[in-house]
Amino acid sequence: MLDVSNTMDSSTTATPALHSATYLDALNPTQRLAVEAVDGPVLVLAGAGTGKTRVLTTRLVHILASGRAKPWQLLAVTFTNKAAREMRERVALTLGTSVDGWWVGTFHAAGARMLRQHAEHLGLKPSFTILDADDQQRLLKQLTEARGLDAKKLPPRLFMGIIQRWKDRGLTPDQVSTAEGADAADGQALPLYRDYQERLLQVNAVDFGDLLLHALKLFQQQPDILARYQQQFRYLLVDEYQDTNVAQYLWLRALAQGHRNLCCVGDDDQSIYSWRGAEIENILRFEHDFPGAQIVRLECNYRSTAHILAAASALIAHNKGRLGKTLWTPRDGGEPVTVQAAWDGADEARIVCEQADALRRKGQQLNTMAVLVRAGFQTREFEERLITVGIPYRIVGGARFYERQEIRDAIAYFRIVAQPDDDLAFERIVNVPKRGLGPASLRSIHILARARNLSLTQAARQLIETDELKPQPRNTIRRLLADFDRWRGQLDHLPHADLARLLLDESGYTQMWRADRSPEAPGRLENLRELVVAMAEFDSLGGFLEHVSLVMDNDEAAGEDKITLMTLHAAKGLEFDTVFLPGWEEGIFPNMRALEEGGAKSLEEERRLAYVGLTRARARAIISHAASRMVYGMWQPAMPSRFIGELPPANVAHAAAPTAARHDGGWERSGAFGPTRRWGEAARLQPKVIEGEAVQIPDIPPAAGVAAGERVFHQKFGYGRVQAVNGDRLEIEFDKAGRKTVIQSFVEPA
DNA sequence: GCGTAAGCAGTTTTT
DNA sequence: CTGCTTACGC
């Protein structure tokens, strides 16, 4: 029989069933150490595939189960909504309780929560809006123009970048050094930063950087508030510590002062976000910043085969600035990492797609495969090929749901209804769909708003009472404002999803896309329908809008069997049985710009990216490179990436892929130069191929007799004369294409 | 105010 | 070769 007092008891302690600590049984000894080292500063160096997420969530559970803290006394922060969601779900599952209201989420969500509680200390109203990149840029554009700056030489996005970097470093305009202020964008960036912050306060808005920067300011200016948070959060947990920026570091340090129960989990070898402000030094310096810190290394990898792991480890060992880990695996050898060459991008795509298809025919799900590229544009060739051969694929990244134009427009309508004084929303939709309100009318509204310190909506309201505007725009604005009022009137009477539908219809927005003849229009209408459906899941319009501004991702249902295409950055934290790594060529990967701008440090980050790529693979990693690539409409020779040379030969098989032996398309577009007869000869150099599967052969033997002075033929550049031989690299003066360096195996004697 | 042509730059991306 | 922004003409 159920005893009420018992029920009460177990629900308040929440965890007596877990006192047997069964949740610890699933851990290996090191993981267990990382979980049980609860008090004081702890750095967990979690190599790829070592069960990081399990440790994180178990640790959280352990702190609660051991009675050290109540749920509200924990603060666990991650970078992405996805990681946050995963942690919440796993904790909820282990404990069998809801984690609603717990401080488990992203840095920014935690910052926003704090700011909403104390907005008034920062000159904000608790209802402040959170701007996204698009809003920021439009705002900055206005400010740039207001200062009369040349938008060509100093585009708003440049300022956005500079300001963001300052915010990443925890610097308010006053804290930027004079030298740096004078330096950045001809000295224009710092004053603009001031303008920008001032304007944000005026419109009661913050950007993402502010969520932390304002919180820092709050901590500094209101020590009592900081003290309260310090007391509340007895245990701090941080994921992906290697990706934290200075602002986040300062924020954590402030909160951890006192009890110092801070646990940071990360992997210095997977730090790939320096360009957006991440400071790898944060993790390298941890011991120094938190004296007496325990360091736990998770080095047992459960994901990849020994070959893959050995290759990745040897590669990353070329980096100097690292804490050092030795990954090992209980698994056996598996397949060596494959390195294969292709003639050009189209050829490479063809080879990879054939291999994916061959694996599929052997029973592998496409879901278990991924093509990981350095830069987004590289997915195009793969898409084209996948479409022609009919292999289903999904692209991760690209324009996310809430960043699409139609979604942002719709949300601007919702915002203007929920928050009448939202200027940025007003501007966005005032002439969408086209209502005949151009820059001239808008300028009048702006001038009045500025002069009387009004929001744009208020200013518009006053303006139509004057005769400043011509009758036509005046009536249009009048009608629009009446629409706003009507919709606001419905706010309390209609479920917000219904109101949204009504609003999109009555504003003419849906009609605008229905009339649009472009191929994307139907998709956009579909997205709008989806948006309205998604809204229904929230209690209120306000709740939905907060979700939108913080959680700008959408997870596509992973139902269908598709191969995944994405960037290496996007792949961090994921794993696949088979990973294709195309484009391992100097200039592409490592990326030339990264090298030019960032030097040795950047090269190390590129190498970490390569490491991340390799360690995504459970069973197979297939690296490829092409001999020539079309870059901006011009053929360029390509050298294999230096990273290929850094892989240990013992764990690598150089494969010749099934290439030109079969004339099954893919070559149609491939060449200004290449006469077909050459393919026969090229194919002769390749080994026999069975069923589209890569065949492992020893390194391609150097074609005999290529020496300086000889005439050679190259598929893309035609005929030329060898000028110099440098190992397997030939410098050739081509008759038509000029002087290029190419690798030996891609030329033939002419 | 809106539609079309020249001009130019062109990694990685989360919140 | 693209896609985006800007400048012009109607």
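Hydrogens, waters and symmetry mates are skipped; everything else that's a heavy atom, side chains included, is used. Chain letters run A, B, ... following the sequence lines, proteins first, then strands; residues in each count from 1. None of these values were measured; they are calculated from a predicted model.
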Counting any heavy atom closer than 4.0 Å, what does [X] reach on the DNA or RNA strands: base, sugar-phosphate only, or nothing?
| X | value |
| --- | --- |
| Q472(A) | nothing |
| A112(A) | nothing |
| P155(A) | nothing |
| G376(A) | sugar-phosphate |
| K572(A) | nothing |
| N431(A) | sugar-phosphate |

Counting just side-chain N and O atoms, does [X] come under 4.0 Å of either OP1 or OP2 of [N]?
| X | N | value |
| --- | --- | --- |
| N245(A) | dT15(B) | no |
| T567(A) | dT13(B) | yes |
| K167(A) | dT14(B) | no |
| T78(A) | dT14(B) | no |
| N81(A) | dT15(B) | yes |

Between [X] ([atom1]) and [N] ([atom2]), how many Å, whole number?
| X | N | atom1 | atom2 | answer |
| --- | --- | --- | --- | --- |
| L595(A) | dT12(B) | CG | P | 16 Å |
| M160(A) | dT13(B) | CE | P | 14 Å |
| F589(A) | dT11(B) | CZ | P | 16 Å |
| H108(A) | dT14(B) | NE2 | C1' | 8 Å |
| M634(A) | dG10(B) | CE | C1' | 14 Å |
| K82(A) | dT13(B) | NZ | P | 13 Å |
| W275(A) | dT11(B) | CH2 | P | 12 Å |
| D132(A) | dT13(B) | CG | P | 17 Å |

Discussion item. Once hydrogens and angles are ignored, does a donor-acceptor distance under 3.5 Å link the base of dT11(B) to the side chain of R374(A)?
Written reply: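 Donor-acceptor pair under 3.5 Å: no.
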
Worksheet entry | Residue closer to the 5' end of DNA chain B, S441(A) versus F79(A) (nearest nucleotide) |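 Its nucleotide being nearer the 5' end, the pick is S441(A).
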
Worksheet, complete the sentence: Of F107(A) and E605(A), the one whose closest nucleotide on DNA chain B sits nearer the 5' end is E605(A)

Does this structure show an ion pair linking [X] with [Y], if we count only N-O contacts that are shorter than 4.0 Å?
| X | Y | value |
| --- | --- | --- |
| R169(A) | E281(A) | no |
| K52(A) | D267(A) | no |
| R428(A) | D134(A) | yes |

Worksheet item: Which class fits the ring pair W275(A) and Y273(A): parallel under 30°, tilted 30 to 60°, perpendicular over 60°?
Response: tilted

Discussion item. For a quick test of reading the model, state the closest non-hydrogen atom pair linking L236(A) to L252(A) and the distance between them.
Written reply: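 Shortest heavy-atom contact: CD1-O, 4.0 Å.
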
Practice prompt. State whether the aromatic ring of F377(A) stacks on the base of dG10(B), taking stacking to mean ring centres under 5.5 Å apart and ring planes under 30° to each other.
Written response: no

Which nucleotide in the set [options] lies at the smallest distance from any side-chain heavy atom of [X]?
| X | options | value |
| --- | --- | --- |
| T80(A) | dT14(B), dT13(B), dT11(B) | dT14(B) |
| E403(A) | dT11(B), dT6(C), dT15(B) | dT15(B) |
| N591(A) | dG1(B), dT14(B), dT11(B) | dT11(B) |
| A570(A) | dT15(B), dT6(C), dT13(B) | dT13(B) |
| A594(A) | dT6(C), dT13(B), dT11(B) | dT11(B) |

Worksheet item: Quantified in whole Å, what is the P atom distance between nucleotide dT13(B) and nucleotide dT2(C)?
Response: 22 Å

Worksheet item: Should F128(A) and H214(A) be marked as a ring pair (Phe, Tyr, Trp, His ring centres under 6.0 Å) after you check the CA-CA gap, both sets of side-chain angles, and the distance that decides it?
Response: CA-CA 12 Å; F128(A) 62 80; H214(A) 281 327; 8.2 Å; no

Worksheet item: Under the 3.5 angstrom rule, does the side chain of R116(A) hit a backbone N or O of P126(A) as a donor-acceptor pair?
Response: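 Answer holds: yes.
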
